[in-house]
Q: 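Below you'll find the structure I mean.
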Amino acid sequence: MNYSGFKVIKEALTGHKGWKPAWRDPEPKPYYDIVVIGGGGHGLATAHYLAKVFGRRNVAVIEKGWIGGGNVGRNTTIIRSNYLLDGNEPFYEFSLKLWEGLEQDLNYNAMVSQRGIINLIHSDAQRDAFVRRGNAMILNGADAELLSEAAVRAEYPYLNFDDARFPIKGGLAQRRGGTVRHDAVAWGFARSADSNGVDIIQNCEVTGFHTRKGKCLGVETTRGFIGAGKVGCAVAGNSGKVMAMADMRLPIESHVLQAFVSEGLKPVLPGVITFGAGHFYVSQSDKGGLVFGGDIDGYNSYAQRGNLPVVEDVCEGGMAIMPMIGRARLLRMWGGIMDMSMDGSPIIDQTDISGLFFNGGWCYGGFKATPASGYCFAHLLATGTPHPVATAYRFDRFKTGHMIDEKGVGAQPNLH
Amino acid sequence: MIINHPLLGPRDSAEFVYLGDANLMERPNWQSDTAPQDFYDYAYLRANPAGTHRELWFHEGGDRSWLVVTRNTVTHEISKVELARDVARAKGRSK
Ligand SMILES: Cc1cc2nc3c(=O)[nH]c(=O)nc-3n(C[C@H](O)[C@H](O)[C@H](O)COP(=O)(O)OP(=O)(O)OC[C@H]3O[C@@H](n4cnc5c(N)ncnc54)[C@H](O)[C@@H]3O)c2cc1C
């Protein structure tokens, strides 16, 4: 069923009786050419591109709960492509370009809003670093704009410009960055994949891999064995747990990240703002709530809830750049499990087990990557070769010394 | 989370800095033939279990001792806290 303005009007006039479920609820078949584990943004995007771009239709997405119940439905929805390093920037710019055409591609309103993002600058050294990053972005075909203090003031007059410790001296803006309705991304990809023949199987947990002579032949699940020509694992925070079933240890730790929403307010924050001295980022949802977050809690965790010290730290970050936020009440907060990699960058690669592929290590930045991650994983699964913008996301980069460490903090996942 | 420090009693986890898996105490032998692979495993690969996890915490805002904390990564419940020093000595190190 195609969604359109005409369809909305027609349904409004005929009592909304013509709407159908957006995807089927099929029984698992005994065999698929490709099984994707994980019905998050990345798994569903992989299925969509496998079917639509690479013509692979005998595909299943296997999700232990309901689609969109993981990080894709828990994040602060920021998209951007303001990375520095060669291994990353072309990939994230590819992703931003895919976001720009996504709703037409999916025939689904994901509320992609290119409202712009500004990273605030608080010191001369930080300005130098941001100029360098902005240039790297422009060299890779992205947009970047260095803003003076006056320019930031004109857009966000209420920020704490004259703070004694962290005065705001300017900003690095990416106007094409912004926010996207996160659940709609999962639903849009699911609907499109389903209509192209992909089976989306919910409430089906993968409990083991069936391998023989170094080759993966399928997955054991709570709904029985499902055979597969190829298996792609895209389970984000659960990567360690799932790949342990294939006897693999990963360069990944699972950590909890919290997000926060205030009560609904009148429009006050037109774009996305990030605090460059502490760690705090904020935008305003279309319902009016301020959506914000900061650091991960910092210890290994599979609990989808965090602790109070980070709540305090995030709120302090908010008060430091935007003191008026103290007048708003916190409405709700939650946590999600991050697959924090050893250099802060992701992995899209085959494993040592033939037919088993892995997508993970997204840290707290994988939402913006969703379309490109799906595209590149589909490319790898369908063709056996990495997509040109994802060639650096290899497992063996930690062995060969080709880390993609944007922050330069080394193998310390809670600092990325 | 409250960490029951063996010397100082119950302390707020916010006083501590987290390093990671306590296996980081088992530095491989650099003279071994398999040293490159051993150091790759040691520095980059993690068991990352959902459940019981032995991990290193540093009491930066306190007595600056290293602790080995046994904690459940699903419930955040802490079941055991030892001085890292004692753990190493029990293995015959740092005599
Ligand atoms: C609080 C928070 C804020 C964030 N903010 C941002 C942001 O502003 N910008 C940004 O770019 N990124 C952000 N992120 C990161 C981003 O959300 C994640 O990197 C990304 O969503 C991960 O990919 P995914 O959508 O596929 O993961 P998920 O949605 O977690 O999908 C993984 C799926 O795998 C399923 N699964 C796990 N184990 C099994 C199994 N054994 N069998 C079957 N299925 C299984 C899970 O149930 C889950 O549905 C944030 C994350 C959090 C938690």
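Just so you know, these numbers come straight off a predicted model, no measurement behind them.
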Q: Hey, which residues of residues 403-416 of chain A are touching chain B, say heavy atoms under 4.5 Å apart?
A: Met403(A), Ala411(A), Gln412(A), Asn414(A)
Q: Has Trp66(B) got a side-chain atom pairing as donor or acceptor with Leu56(B)'s backbone, closer than 3.5 angstrom?
A: no
Q: Under the side-chain contact (heavy atoms from CB on, under 4.5 Å) test against Phe91(A), which residue among Asp86(A), Thr391(A), Ile348(A) passes?
A: Ile348(A)
Q: Check whether the ring centres of His53(B) and Tyr299(A) lie less than 6.0 Å apart, and answer yes or no.
A: no
Q: Sort Tyr40(B) into side chain, backbone, both or neither according to what part of it lies under 4.5 angstrom from a heavy atom of chain A.
A: side chain
Q: So, does Ser254(A) use its side chain to make a donor-acceptor pair with the main chain of Gly237(A) at under 3.5 Å?
A: yes
Q: Given a strict heavy-atom distance threshold of 4.5 Å, which part of Pro49(B) is in contact with chain A: side chain, backbone, both, or neither?
A: backbone
Q: Parallel, tilted or perpendicular: which describes the rings of Phe16(B) and His5(B), with under 30° parallel and over 60° perpendicular?
A: tilted
Q: Counting only non-hydrogen atoms closer than 4.5 Å, does Asn72(B) touch chain A with its backbone (N, CA, C, O), its side chain (CB onward), both, or neither?
A: neither
Q: Among residues 242-251 of chain A, which residues come closer than 4.5 Å to chain B, judged by heavy atom distances?
A: Arg249(A), Leu250(A), Pro251(A)
Q: List the atom of Thr46(A), the atom of Val36(A), and the distance in Å for their closest heavy-atom pair.
A: CG2-CG2, 4.2 Å
Q: When you look at Phe377(A) and His42(A), which way does the ring-ring contact (aromatic ring centres under 6.0 Å, His included) test go after all the steps?
A: CA-CA 9 Å; Phe377(A) 202 34; His42(A) 293 210; 9.2 Å; no
Q: Could you tell me whether the side chain of Ser239(A) reaches within less than 4.5 Å of the side chain of Cys233(A), counting heavy atoms only?
A: no
Q: What part of Ala43(B) lies closer than 4.5 angstrom to a heavy atom of chain A: side chain, backbone, both or neither?
A: backbone
